[in-house]
Amino acid sequence: MSDILIKANGLSVGFQIGNSIFKRQVLKAVDNVTLEIEKGSFFGLVGESGSGKTTLGRALLKAVPITGGGAHYSDGEVAYDLEDISKENLKDYRKRAQLIFQDPYAALSPRMTVRDIIAEPLEVMGLTKTRVETDERVREIAAKCRLNLEHLRRFPHAFSGGQRQRISIARALVSAPKFVVADESVAALDVSIQADVLNLLKAIQADMGLTFMFISHDLSVVAHTCDHVAVMYLGRLVETAPTRQLFASPKHPYTKALFSAIPSLDPDDRGIAQKLEGEIPSPTNQPSGCKFHTRCPNAIDVCKTIEPQLETADRGHQVSCHRWKELLDLVPA
Amino acid sequence: MSALITVENLTLKFKTDEGLITAVDDVSFSLDKGEVIGLVGESGSGKSVTAKALMHLNAKNAVYTPESKITLHSDDGPVDVLSLTTPRQLNVVRGGAISMIFQEPMASFAPVISIGKQMVEQLQLHSNMTKAEAKAHSINMLDRVGISDPAKRIDQYAFELSGGMRQRAMIAMALSTKPKLLIADEPTTALDVTIQAQVIDLMKDLVEEFHMGILFITHDLGVVAQTADKVNVMYLGRMIEEGPVRDVIRNAKHPYTQGLLNALPKLNDLDSPLEPVPGDIPSPLERPSGCVFHTRCSQIVGPQCSSRQPRDVNVDPTHRVACHIYSEAAE
């Protein structure tokens, strides 16, 4: 068993909405999530929009306030409890944990050269003392992200989507972080470029010994890149397992539905998909019991009243469903 | 089957400060009644511009060459779309014979006018229904696309609906005028997979019911495999491959189509590494000479790739490809 880099323990993030004291409501974006991310792994987080995946990623970076439970970070050099980290420690944590954004068109300042964009974190964090040193670090990371020296003098508008995403990656990695959250980092790219960026992320991860949290709504992308996958629904973790196992035998009805909704490349495979009715409910008005029962094809009475807990189904495979054992024998209709 | 719309030698350039940019280069195809064509390509390949040309909807700086011809075969005889000029003439095509649904439904509905008012407005414009009839018809259409409680929804605003619901309302609105052709520009890209599956199902049902043609623009080959009868693949404004969906997906001929298929992560094969198409799509200002794809192609056959544009070759009667690999064999 290798080391755990990040451990979330009953982590919750709530946002207050409405300013009148009578109408004040708490929106639970992430609700009681417990998970472990191994050092050097590529951890995938999937779910529909509104499932809380981005908020969970940001909570682990301490970019949104943690309102319940906690998260523990330990990389061998330092160990922090993220829920009550001190200001000085947070400054240090920022160097160790970084974020790659979704949209490479919005994430880069149009008025800075690529060199300045990549160098900015170094200067802000005070990681380098001289300009020569900064330039050296920038060139080193640029080479790793397959940007050439001539690119560094240009402005972002001169680059295509794939190149821009490589610049964002260089910027996130220049401070030599240990933990990187990649939030839908390939969603805005064309398929032909997407594969290239995914391969680059994999190569860099192996090269720099990084731990990635890869947030995506695209299951086939996650299947190809991640070692371990967690599925979220309405702020809760519904299933988590090693990638191969999850794709070979998904246990939660939601995971199964997600898989069958992926459009098949086989034109004769039409209409076999198991369809999921309805849409994800509003997080301010969550269903009782199991959050998924309103859309679940297998829901029974107990699902409407009692919330299921994560149960271990297999080594490293946990599922939160009342009926997962019964459903194993059930042939999909 | 009879053709609904035919496009011949469509070449379209945009006048910009940096010079003339070629967006669509000598594209010809036709779409039959009740047929679904998937138009596939990367961003910048000219798919949306081609679709907009069908409605003569491109910006003022668009220049069509004299050879370009788009003919709509309506019940009242053929209409030469590109020769239409006045709004009254154009309305016959725009929203009348052809409707369009867009990628981002939030941006396509006016935010301060209720859904119902927008639906009624366009119905009154394109038919001689009274306001009450138009409203009843709109409610009926909303019900038809699976929106629950349509009589209440019709008075709501776009922001009150969820993403999937908005896209359904958009489809209801596009279909309420009973168009002959529906252009769907990336209609499911902004949606979650579960909602995407619902919308795809809905569109398939509607094709059967209304028997209209659909031009389905997408970059997702999986979506194409599930919806289209035929596939047209575009790259940098050229139509490089065209054929029935099974032939193109199972037996892709053009190196670019093959590259696109290889780059797609496949769920039934997690071991093989992803193979990207090398390089980036070139800037439209630096259009490659010869075959537009030669700068990224891994199967170059000779100097002709960079000097001569490949001719269209029929690998079988319905499957057409523009690549020197096949034109050699044909000569």
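In what follows, chains carry the letters A, B, and so on, assigned in the order in which the sequence lines appear, proteins first and then strands, with residues in each chain numbered from 1. Note that the coordinates shown come from a computational prediction; the quantities given were computed from them, not determined experimentally.
Highest contact tally toward chain B, considering only A:Arg295, A:Gln163, A:Arg244, is held by A:Arg244 [criterion: heavy-atom pairs under 4.5 Å]. Ranked by heavy-atom pairs under 4.5 Å with chain B, the first of A:Ser49, A:Gly162, A:Gly50 is A:Ser49.
Here the closest heavy-atom approach between residue A:Pro263 and residue B:Gln196 is recorded as CG-NE2, 3.2 Å. In this structure, A:Ala195 and B:Ala263 approach most closely via the heavy-atom pair CB-O, 3.8 Å. Nearest heavy-atom pair, B:Lys266 versus A:His224, reported as atom, atom and distance to 0.1 Å: O-NE2, 2.9 Å. Smallest separation of non-hydrogen atoms from B:Ala225 and A:Ser264: CB-O, 3.4 Å.
Heavy-atom distances place both the backbone and the side chain of B:Glu42 under 4.5 Å from chain A. Only the side chain of A:Ser160 has a heavy atom closer than 4.5 Å to any heavy atom of chain B. In this structure, the portions of A:Asp196 lying under 4.5 Å from any heavy atom of chain B include both its backbone and its side chain. With a 4.5 angstrom heavy-atom cutoff, B:Ile249 touches chain A only via side-chain atoms.
Taking the side chain as every heavy atom from C-beta outward, B:Pro276 and A:Ile193 never approach each other to under 4.5 Å. In this structure, A:Ser220 and B:Leu264 have side chains that are not in contact, with every pair of non-hydrogen atoms separated by 4.5 Å or more.
Taken from CD1 in B:Ile195 to CD1 in A:Ile280, the straight-line distance is 9.0 Å, to the nearest 0.5 Å. Atoms CD and NE2, on A:Gln194 and B:His219 in that order, are 7.5 Å from each other to the nearest 0.5 Å. Once rounded to the nearest 0.5 Å, the distance linking CG of B:Leu261 with CG of A:Leu265 reads 6.5 Å. Rounding to the nearest 0.5 angstrom, the gap separating the CG atom in B:Asp192 from the CG atom in A:Asp218 is 11.0 Å.
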